[in-house]
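I'd like to ask some things about the structure below.
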Amino acid sequence: MTEVTREAARTGRRKARPTPKGRQVDPAALERVRALLGEAPRRRDLLIEHLHLIHDAHGHLSAAHLAALAQEMKLSQAEVYEVATFYAHFDVVKEGETPPPPLTVRVCDSLSCALAGADGLIDALAAASDPAAVRIVRAPCMGRCETAPVAEVGHNHVVAATAERVGAAIRAGDTHPAVPPYQDLAAYRTQGGYRLLEDCLNGRRTPEDIIGILSDANLRGLGGAGFPTGQKWRFVRAEAGPRLMAVNADEGEPGTFKDRFYLETEPHRVLEGMLVAAWAVEAEAAYFYLRDEYPHIREILLAEIAALEADGLAPHTEIHLRRGAGAYICGEESAMIESIEGKRGLPRHRPPYVSQNGIFGRPTLVNNVETLFWIPIIVEKGADWFAGHGRHGGKGLRSYSVSGRVKEPGVKLAPAGVTLAELIDEFCGGMADGHTLRGFLPGGASGGILPASMADRPLEFGELEKFGSFVGSHAVVVLSDRDDMKACALNLMQFFEDESCGQCTPCRVGTEKAVKLMQRETWDEPLLRELSAAMTDASICGLGQAAANPLLSVFRHFPDRPG
């Protein structure tokens with residue numbers, strides 16, 4: 001019996017606590033948090049932004065920081081803690097734990113980087129680094145697949161990375177990204193930029209006019225789903241206001257990097273497309289959700305959004321730039337909306353759909369970066385111009401992110417419906433020397449693996465589904481006779497295991513069990529098929545529903561598989 005309980009037993013009264021229940025707020029930590037937040041609003045939806053401020057300043061989030069932030073924002077400590085620990089880029093340090101080293105080096109180990117030797121790079125860096133000064137960690141796709149392998153020193157990407165190049169960046173203190181040359185507001189306006197937006201704002205265009213052009217052009221959502229853009233806009237317009245908009249710039253699918261390319265070269269084409277879309281659906285605010293792996297693009301957008309607002313180009317909507325925190329699941333639109341609201345990125349059950357009940361419960365239009373990029377060009381050149389491109393029944397132009405065993409990887413602007421054979425030969429300079437085509441991913445990690453015998457099939461929406469595959473975001477990873485299809489499928493399943501949000505059991509447990517079964521020398525095909533069916537049929541969102549596609553592709557298309 002403790003002294004408190006003995007006293008209570010003797011007097012019949014419980015001794016007063018010297019402090020309130022729960023973790024106490026450290027005054028110094030509270031003062032520091034207040035200084036970092038400054039005059040910023042303490043709204044619930046800004047929680048992730050405020051966590052970034054603290055993490056950027058200290059390199060981690062201590063228990064004292066989280067308690068102080070909770071008090072300052074008038075949230076429970078549990079709410080703050082659950083959000084901070086959900087996202088991979090927040091290093092939460094509990095009481096009594098040692099903070100991470102001053103510098104973190106992340107090395108991508110997703111498929112394109114794995115093919116380029118990421119495992120060896122990780123081993124070499126771990127052997128050469130002082131663990132007290134530098135932390136070497138594995139990381140999922142960073143959107144630099146065409147320059148694999150990739151390492152991130154602090155926030156600075158080292159492309160075509162070697163141990164020597166990464167070591168040189170560490171020694172030189174190159175931890176901040178360099179902003180590449182890009183088309184700024186003045187240059188974009190010189191070429192006629194924002195003329196369409198001004199026509200819209202001045203009444204020379206109507207929403208139905210723009211929607212009709214986009215529909216006639218067959219513009220589709222290019223983030224993966226391929227839903228007709230004009231139809232989506234009509235759905236949102238049909239809902240009672242007030243309405244909002246979100247731009248999905250959280251491309252995290254292994255093999256995908258096209259959105260990064262457009263944002264770091266011609267950001268204002270995307271921003272004009274966003275402002276036209278917001279005007280068309282009468283969105284009071286537009287939330288631009290950018291993945292945290294693109295810090296250089298964040299610098300570009302901060303500067304250029306401020307410039308266009310100063311130029312009077314956004315009188316009809318407020319623009320909010322929101323920063324992700326390392327969660328692939330937030331590329332799913334409802335999980336992204338949860339993150340925009342300052343919460344964990346857990347996908348929502350549907351219906352209702354985000355067009356009906358999105359950000360803060362309001363009807364919300366969600367568009368992908370590349371979709372918005374095409375809007376000013378299509379309206380300027382006409383629906384027939386855009387729809388006139390295409391091969392093998394496809395209509396329009398597509399930006400294919402190509403990586404893997406080709407001579408010239410990169411973003412390839414090609415006709416919709418182009419085949420893999422045409423893409424490799426006409427746009428990528430052929431296969432890499434010494435490599436023969438054996439298979440390919442037509443749509444990133446989720447799209448499955450197809451054999452070389454299907455290289456003449458159109459890479460377009462609706463063409464590959466009957467083979468258990470799809471083009472998704474048009475992320476093409478080319479595999480050769482030197483690659484083990486079983487190892488590729490395992491790499492992709494490990495990605496899904498790591499990135500599962502954990503909300504539903506079929507995905508959370510299913511991906512983990514699948515990895516363990518696939519790591520065995522002999523695969524138990526009946527058991528893996530049964531597990532795949534459970535994940536596909538019962539998972540809440542597309543991550544769990546598509547996670548088994550690479551595994552099932554190996555069973556379906558590669559008869560020389562182990563087991």
Side-chain angles (χ1 to χ4, degrees), residues 32 35-38 40 48-61 65 87-91 93 99-108 113 118 121-122 125 128-184 249-252 257 259-267 288-307 321-327:
R32 178 60 173 155
L36 287 171
L37 269 56
I48 295 172
E49 295 295 309
H50 294 342
L51 288 169
H52 274 301
L53 285 173
I54 300 170
H55 198 282
D56 288 346
H58 293 275
H60 65 279
L61 298 170
H65 291 142
Y87 295 92
H89 290 185
F90 290 143
D91 296 303
V93 179
L103 179 63
T104 295
V105 175
R106 291 182 168 88
V107 181
C108 175
C113 285
L121 175 60
I122 293 168
L125 290 174
S129 301
D130 177 4
V134 180
R135 177 178 57 160
I136 309 296
V137 298
R138 292 177 175 270
C141 185
M142 298 178 185
R144 297 277 186 179
C145 316
E146 81 279 29
T147 53
V150 178
E152 187 180 39
V153 179
H155 291 297
N156 179 37
H157 287 176
V158 178
V159 299
T162 63
E164 292 74 20
R165 296 188 66 185
V166 174
I170 293 172
R171 291 189 295 274
D174 292 337
T175 59
H176 296 286
V179 176
Y182 67 91
Q183 186 182 54
D184 63 9
D250 194 55
E251 61 174 359
F257 47 91
D259 293 349
R260 187 208 82 222
F261 174 77
Y262 288 124
L263 287 172
E264 68 186 10
T265 54
E266 299 180 81
F288 200 114
Y289 190 86
L290 179 69
R291 69 183 309 212
D292 197 34
E293 287 83 354
Y294 294 164
H296 63 299
I297 294 175
R298 184 170 180 269
E299 291 190 28
I300 292 172
L301 291 176
L302 284 170
E304 297 307 315
I305 289 173
L321 180 60
R322 291 297 173 85
R323 179 179 172 188

To check you understand the geometry: which heavy-atom pair defines the closest contact between Pro131 and Pro101, and what is its length?
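Distance-wise, the nearest heavy atoms are O-CG, 3.2 Å.
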Side-chain (Asp259) to main-chain (Ala249) donor-acceptor, under 3.5 angstrom
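Between the backbone of Ala249 and the side chain of Asp259 there is no qualifying donor-acceptor contact (under 3.5 Å).
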Between Glu299 and Pro177, is any pair of side-chain heavy atoms under 4.5 Å apart?
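They are in contact (side-chain heavy atoms under 4.5 Å apart), so the answer is yes.
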Working to the nearest 0.5 Å, report the span between OH of Tyr182 and CD1 of Ile300.
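Answer for the OH-CD1 pair, Tyr182 versus Ile300, is 5.5 Å.
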Could you check if a side-chain atom of Arg298 sits within less than 4.5 angstrom of a side-chain atom of Leu321, using non-hydrogen atoms only?
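Yes - at least one pair of side-chain heavy atoms lies under 4.5 Å apart.
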To the nearest 0.5 Å, tell me how far Asp130 CG sits from Ile170 CD1.
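The distance works out to 10.5 Å.
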Under the side-chain hydrogen bond (donor to acceptor under 3.5 Å, both in side chains) test against Asp91, which residue among His58, His60, Arg135 passes?
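Filter result, single survivor: Arg135.
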State, to 0.1 Å, how close Leu36 and Leu53 come at their nearest heavy-atom pair, and which atoms those are.
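Distance-wise, the nearest heavy atoms are O-CD1, 3.9 Å.
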For Glu152, all residues meeting salt bridge (charged side-chain N to carboxylate O under 4.0 Å, His left out), sequence neighbours excluded:
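Partners of Glu152 under the salt bridge (charged side-chain N to carboxylate O under 4.0 Å, His left out) test: none.
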Leu263 and Leu290, any side-chain heavy atoms less than 4.5 Å apart:
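Leu290 reaches Leu263 side chain to side chain.
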Drop me the distance from Tyr87's OH to His55's NE2, to the nearest 0.5 angstrom.
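Between Tyr87 OH and His55 NE2, I get 14.5 Å after rounding to 0.5 Å.
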Could you tell me whether the side chain of Glu293 reaches within less than 4.5 Å of the side chain of Arg106, counting heavy atoms only?
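A side-chain contact under 4.5 Å is absent here.
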What distance do His155 atom NE2 and His157 atom NE2 have between them, rounded to the nearest 0.5 Å?
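Here the interatomic distance stands at 9.5 Å.
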Could you walk me through whether Tyr294 and Glu251 pass side-chain contact (heavy atoms from CB on, under 4.5 Å), step by step?
CA-CA 10 Å; Tyr294 294 164; Glu251 61 174 359; 2.7 Å; yes
Heavy-atom side-chain proximity of His52 to Asp292 below 4.5 angstrom:
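In contact.
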Is the shortest heavy-atom distance from the side chain of Tyr289 to the side chain of Arg322 under 4.5 Å?
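Sidechains of Arg322 and Tyr289: in contact.
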Would the distance check show the side chain of Glu49 and the main-chain N or O of Arg323 forming a donor-acceptor pair, the cut-off being under 3.5 Å?
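A pair under 3.5 Å: yes.
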Which pair of non-hydrogen atoms, one from Ala327 and one from Asp250, has the smallest distance, and what is that distance?
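In terms of heavy atoms, the two residues are closest at O-OD2, 3.4 Å.
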For a side-chain contact (heavy atoms from CB on, under 4.5 Å) check, start with the C-alpha distance between Thr104 and Val137, then their side-chain angles and the critical distance, and finish with the verdict.
CA-CA 7 Å; Thr104 295; Val137 298; 3.9 Å; yes
Return the minimal non-hydrogen interatomic distance between Cys145 and Cys141, and the atom names on each side.
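Taking every non-hydrogen atom into account, SG-SG, 3.6 Å.
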Residue pair Val153, Asp174: steps toward the side-chain contact (heavy atoms from CB on, under 4.5 Å) verdict
CA-CA 7 Å; Val153 179; Asp174 292 337; over 6 Å; no
Just to verify, what does Arg138 make a salt bridge (charged side-chain N to carboxylate O under 4.0 Å, His left out) with, not counting sequence neighbours?
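Partners of Arg138 under the salt bridge (charged side-chain N to carboxylate O under 4.0 Å, His left out) test: Asp109, Asp119.
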Check: Phe257 and Thr147 side chains under 4.5 Å, non-hydrogen atoms:
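Sidechains of Phe257 and Thr147: no contact.
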For His296 and Pro180, work out which heavy atoms get closest and say how close.
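Where His296 meets Pro180 most closely, the heavy atoms are CD2-CD, 3.8 Å.
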Backbone N or O of Val159 within a donor-acceptor pair of the Arg165 side chain at under 3.5 Å?
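Side chain of Arg165 to backbone of Val159: a pair is present.
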Looking at every non-hydrogen atom in both residues, tell me the closest pair between Val93 and Pro100 and how far apart they are.
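Heavy atoms only, the tightest pair is CG2-CD, 3.8 Å.
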Applying salt bridge (charged side-chain N to carboxylate O under 4.0 Å, His left out), can you list everything that pairs with Glu304, at least two apart in sequence or on another chain?
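Per chain and number, Glu304 pairs via salt bridge (charged side-chain N to carboxylate O under 4.0 Å, His left out) with no residue.
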